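Read through the structure below, which is laid out as structure tokens, and then see the notes.
Predicted model, so just to flag it, every value in this text is computed and none were measured.
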Amino acid sequence: MSDSPSTGTSAVRQIAKAAGTVMVAFLIGNLIGLLRGVVIANAFGTSGEYDSFSAANRLTETLYNLMAGGALGSAFIPTFIGLLTKDDRNGAWKLASSITNLLILVLSGVAILMAIFAPFVVRYGLFIINPAENLEEQTLTVTLLRIMLPSIAVFGLSGLVIGILNSHQKFWLPAIAPAMYSIGIIIGVIFFPHTWGIYRLAWGALFGSFLHLLIQLPALIKLPERKYSLTLGRGNPAVRTVLRLMGPRIFGVAVVQLNFIVNTIIALSLPEGSVSSISFAFAIMLMPQAAIAQSIAIASLPTFSAQAAQNKLDEMRSSLVSSLRGVLLLALPASLGLILLRVPLIQFMYERGEFTAQSTQMVAWALLFYAAGLVGHSVVEVISRAFYAVNNTRTPVIIGAIAMTINLALSLILSHWFGVMGLMPHGGLALANAVATALEMVALIVMMRKRLNGLEGKRLWQAVGQSAIGTIVMSGLVVLFLQYTPNLSALVRTVGGGVIGVGAYSVVMLALKTPEISQV
């Protein structure tokens with residue numbers, strides 16, 4: 001495998017370099033995703049039509065994540081890298097070919113079956129609460145779902161290509177692929193006939209899924225000794241290993257997706273716009289989460305896997321701790337900054353056209369609680385990769401299943417309590433997610449600490465302390481700025497608050513001589 005880490009220091013440097021590449025790509029993707037959100041909000045706001053699209057999109061995402069998605073990547077990459085580490089490129093490409101062919105067969109079959117039974121799934125799956133009501137919304141959801149179903153097979157293949165490229169330390173095109181998906185949606189909303197209404201959003205999403213795959217093909221074609229075989233891998237032990245590792249992960253993904261579906265079902269029973277509001281808010285929270293945590297997690301998994309394959313657990317521990325420090329130093333200020341600037345940010349991003357001031361308040365209410373869970377989401381992204389690298393998909397799945405069960409229970413309880421207290425009930429769904437993810441983070445850290453005989457707690461707590469000091473200073477200055485600028489535009493308040501926050505935090509980190517600042 002190219003650029004295989006030889007020492008702990010070089011491995012950390014390699015992760016940092018790769019994470020920087022992914023982070024830049026994700027930042028570009030976030031900007032394009034921001035434009036996508038603006039275009040969608042301007043066209044559809046938090047309408048019932050967009051509720052239908054969000055529900056249909058949730059089902060396609062569920063199918064993809066359940067059948068492939070993270071389950072495939074967490075099982076395929078460590079196995080594929082294990083073969084590359086042993087210089088068995090022929091075996092590695094036979095594995096890739098087998099998984100490709102299996103994906104095409106399985107995902108295509110699932111898409112066809114789902115298209116046939118879509119009315120039943122939508123009526124008794126998403127609209128199980130008061131199924132006799134909102135029949136027009138149900139019919140629209142079915143049609144949108146059928147349009148977008150082919151995307152699950154396309155995303156499945158694209159996800160496999162991402163795994164192959166990341167295993168070869170190729171990160172740029174896979175990381176920029178989500179931006180292409182956003183571009184497809186933007187093209188659909190702006191350039192497809194406006195008489196199509198919400199359907200142009202669904203067709204744009206399908207078009208974007210193809211762009212997501214196609215952008216990566218040039219890098220795939222250039223890989224050394226690339227070879228495709230028409231095989232399903234019967235009798236191939238590597239294929240059996242991938243399928244065995246996928247088993248627990250599929251169960252875990254099923255629990256997570258069930259949680260999302262239940263949240264959607266609950267939100268559909270709440271006031272109109274609740275589904276759209278949590279969708280917009282969660283998407284905003286995912287922007288810093290992707291730039292911070294996913295970039296580090298994606299960059300670290302190949303290195304973790306190589307270190308685990310060579311039984312260099314001490315080096316892996318050092319790499320993991322360095323990655324977690326980076327996440328903590330970035331996620332904590334991002335969380336508080338998002339909480340403080342959420343209203344002007346949403347006003348600047350979305351408040352125009354069909355997206356009203358009431359829409360801003362609904363999205364901001366959900367974002368308040370989602371942003372509080374940013375640190376938990378970010379740490380889970382990275383530390384779960386360490387479990388996958390040592391071929392342990394069972395532990396994070398069990399912990400994740402418990403956390404999501406708690407999430408489901410809290411979603412029902414908190415949304416009801418919020419309503420009783422006169423608060424917008426969809427905020428309870430976001431708070432439940434934040435609490436459950438925090439508990440999941442703590443449990444994963446404890447279990448990984450046992451697996452690696454420690455996690456250099458002093459270094460991690462040092463990062464927490466330094467980040468807390470910087471975040472307190474940053475938050476104080478941002479609050480003062482917002483208090484003295486109530487009449488300025490949302491753009492000025494968002495950008496000004498962001499610049500002040502980033503500047504203040506950076507100065508504090510420099511004063512505390514935080515090592516990661518010089519690396520950045």
Side-chain angles (χ1 to χ4, degrees), residues 1-6 10-11 14-19 21-22 25 68-103 155-177 212-213 215-229 233 236-239 241-243 245-246 249 294-312 315-316 319-320 323 381-382 384-393:
M1 185 178 64
S2 62
D3 301 325
S4 180
S6 57
S10 64
Q14 179 172 277
I15 292 174
K17 181 179 179 181
T21 299
V22 178
L72 175 62
S74 61
F76 174 77
I77 291 178
T79 308
F80 189 72
I81 286 180
L83 294 170
L84 293 178
T85 301
K86 298 173 184 176
D87 205 26
D88 184 7
R89 292 190 172 273
N90 184 58
W93 285 108
K94 282 186 177 180
L95 170 64
S97 298
S98 300
I99 299 300
T100 297
N101 298 330
L102 287 170
L103 275 176
F155 276 127
L157 290 177
S158 188
L160 182 63
V161 173
I162 288 174
I164 294 171
L165 293 177
N166 287 350
S167 297
H168 286 84
Q169 296 292 327
K170 307 294 183 184
F171 294 100
W172 174 252
L173 290 181
I176 207 70
H212 191 283
L213 171 62
I215 191 65
Q216 302 177 72
L217 295 185
L220 178 66
I221 293 172
K222 294 179 181 179
L223 291 180
E225 302 179 38
R226 170 185 46 81
K227 184 169 63 175
Y228 169 77
S229 304
N236 188 330
V239 174
T241 297
V242 171
L243 297 179
L245 293 174
M246 281 185 67
R249 277 287 287 150
Q294 289 185 26
S295 60
I296 295 175
I298 289 170
S300 64
L301 179 56
T303 300
F304 290 167
S305 299
Q307 290 169 332
Q310 298 167 13
N311 201 32
K312 297 179 179 179
E315 292 183 10
M316 180 180 168
S319 299
L320 174 59
S323 298
E381 277 285 340
V382 174
S384 61
R385 296 310 199 281
F387 282 99
Y388 306 151
V390 295
N391 289 332
N392 181 354
T393 55

(request) Could you grab the distance from atom CZ of Arg89 to atom CG of Leu84, nearest 0.5 Å is fine? (result) 5.5 Å
(request) Taking all non-hydrogen atoms of both residues into account, name the closest pair between Arg226 and Leu220 and its distance. (result) CD-O, 3.1 Å
(request) State the OG1-OH distance between Thr100 and Tyr228, to the nearest 0.5 angstrom. (result) 7.0 Å
(message) My understanding is that only residues two or more places apart in sequence, or in another chain, count here; which of them pass side chain to side chain contact (heavy atoms under 4.5 Å, CB included) with Thr79?
(response) Leu95, Ala238, Thr241, Val242, Leu245
(message) Using every non-hydrogen atom in the two residues, find where Ala308 and Val390 come nearest and quote the distance to one decimal.
(response) CB-CG1, 4.0 Å
(message) If you compare all heavy atoms of Pro78 against all heavy atoms of Tyr388, which two are closest, and at what distance to 0.1 Å?
(response) CG-O, 3.4 Å
(request) Kindly give the heavy-atom pair with the smallest separation between Ser305 and Ala389, and that separation in Å. (result) N-CB, 3.6 Å
(request) Give a yes or no on whether the backbone of Ser97 and the side-chain of Asn101 come within a donor-acceptor separation of less than 3.5 Å. (result) yes
(request) Specify the closest pair of heavy atoms between Ile296 and Ser323, including all atoms of both residues, with the distance to one decimal. (result) CG2-CB, 3.7 Å
(message) Restricting to non-hydrogen atoms, name the atom on Phe80 and the atom on His168 that form the minimum distance, rounded to 0.1 Å.
(response) CE2-CE1, 3.6 Å
(message) Which residues pass the side chain to side chain donor-acceptor pair (under 3.5 Å) test with Asp88, not counting sequence neighbours?
(response) none
(request) State, with a plain yes or no, whether a side-chain heavy atom of Asn166 is found less than 4.5 Å away from one of Lys170. (result) no
(message) For a 4.5 angstrom cut-off between non-hydrogen side-chain atoms, does Val22 reach Gln294?
(response) no
(message) Distance check, rounded to the nearest 0.5 Å: Gln216 atom CD versus Ile164 atom CD1?
(response) 9.5 Å
(message) Test of understanding: with side chain to side chain contact (heavy atoms under 4.5 Å, CB included), list the residues that count as partners of Ala297, not counting sequence neighbours.
(response) Glu381, Val382, Arg385
(request) For side-chain contact (heavy atoms from CB on, under 4.5 Å), just list the numbers for Val239 and Leu243, CA-CA rounded to whole Å, side-chain angles, deciding distance to a tenth of an Å, and then say yes or no. (result) CA-CA 6 Å; Val239 174; Leu243 297 179; 4.1 Å; yes
(request) Working to the nearest 0.5 Å, report the span between CZ of Phe76 and CD1 of Ile81. (result) 9.0 Å
(request) First locate atom CZ of Phe171, then atom OG1 of Thr21, and finally report the distance between them rounded to the nearest 0.5 Å. (result) 8.0 Å
(request) May I ask you to test the Ser167-Pro302 pair for a side-chain heavy-atom distance under 4.5 Å? (result) no
(request) Calculate, to the nearest 0.5 Å, the distance between atoms CG and NZ belonging to Leu217 and Lys222 respectively. (result) 12.0 Å
(message) Using side-chain heavy atoms (C-beta onward) and a distance below 4.5 Å, is Lys94 in contact with Leu83?
(response) no
(request) Give the C-alpha distance, both sets of side-chain angles, the deciding distance and a yes or no for side-chain contact (heavy atoms from CB on, under 4.5 Å) between Trp93 and Ser229. (result) CA-CA 8 Å; Trp93 285 108; Ser229 304; over 6 Å; no
